[in-house]
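Counting starts at 1 for both ligands and their atoms, in listed order. Keep in mind that the numbers below use all heavy atoms, side chains included, and drop hydrogens, waters and symmetry copies.
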Amino acid sequence: MSTVNAIAAPSATDPLVRTTVERRAVGPRDVLIEIRYAGICHSDIHTVRGEWGKVPYPLTVGHEIVGQVTEVGAEVTRHSVGDRVGVGCMVNSCRECDNCKAGQEQYCLNGNVGTYAGTDRDGTVTQGGYSTHIVVDEDFVLRVPEAIPYETAAPLLCAGITTYSPLAHWKAGPGRNVAVVGMGGLGHMGVKIAAAMGAEVTVLSQTLGKKDDGLAFGAKHYYATSDPATFKELANTFDLIINTVSAPIDMGAYLRMLRLDGTLVAVGAPPEPLPVQVFSLFGARRSFAGSSIGGIAETQEMLDFCAEHGIAPQVEVISADAVNEAYERVLKSDVRYRFVIDIDTLR
Ligand SMILES: [Zn+2]
Ligand SMILES: [Zn+2]
């Protein structure tokens, strides 16, 4: 075991503080990573504040992790010392169920092990990436291509794959009309990836405040959802709508913007149920679906895709001491478009 510097939440209500966490000894199939950058995901905030259920404290969050391999176990074959690597939202799964065997570890029937606040297969509680080092099974460690700078690579591990997976699954590409709802951490990546896939991309944001950015990221159209005319004008328009907003929406109004056989995919999670009027599905054989991160192979595919297409998140790099302030700004949507902690400031 080793003790490493970290930032942790002492409780659901206290600010995060500097502390240390224990990392297990590097096992035969483990990789030790010296973390360079960790992204701040909205889920981190929901989790430390206990809004998604009870969690163990003190808790170190962070599941957008990039760094360098500094040690490998004797049986490790996928990674070597010095490799640029990343870790996303999960660090283990059962590997035996149908979904794991299909490469969909995020949907492990026995529950994947979350990067933080999860119980690993050895019984220990997992602690996330707001720390200087992490030990992870090699199968859950991704290669980060040289073409993607460290600090912008971090948010790909959650925001990137969360939008890439449904865009790939529902075939965003040439000739397809794709809308992205919300222009935050997830939304801005959804726009970049969908545009790189060749789809015609529309942003549906509350206001036109980020319109210039949206168009620069690859969107062709940008509409304000605060304007009721938007929903009339865009009725029966989209093959796919990716909803990144975690607040409740008027489901009927959004579903009616789907054309025949279109799908509305939720990737943001409002805590309350969303009522769906079935007639709005009948109208054009529409579907309402959900999607959660991506499998390990698909996450690697996403990183390689982003490197090939020269796309990466737009980030604001902060020091470890600015995390509490950053949380307040995330809650006010005052970030363009992802905070990333420079972990060197934690050493
Ligand atoms: Zn996340
Ligand atoms: Zn499984």
Open item on the list: Under 2.8 Å from the Zn ion (ligand 1) - does any N, O or S atom of Cys89 fall there?
Closed with: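 No, Cys89 does not qualify, because none of its backbone or side-chain N, O or S atoms lies under 2.8 Å.
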Task: Heteroatom test (N, O or S) for Cys158 near the Zn ion (ligand 1), limit 2.8 Å - done: yes
Task: Test item: Arg176 side-chain N/O and Lys171 main-chain N/O as donor-acceptor pair under 3.5 Å - done: yes
Task: Between Asn92 and Asp120, a side-chain donor and acceptor under 3.5 Å - done: yes
Open item on the list: Please name the atom of His63, limited to N, O or S, that comes nearest to the Zn ion (ligand 1).
Closed with: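 Output for this pair reads NE2.
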Task: Other residues, nucleotides, ligands: >12 heavy atoms within 6.0 Å of Arg285 CZ - done: no
TODO: Calculate the angle formed at the Zn ion (ligand 2) by SG in Cys108 and SG in Cys94; 10° precision is enough.
DONE: 100°
Open item on the list: Would Arg84 and Tyr150 count as a cation-pi pair here, with the cationic atom under 6.0 angstrom from the ring centre and within 45° of the axis?
Closed with: yes
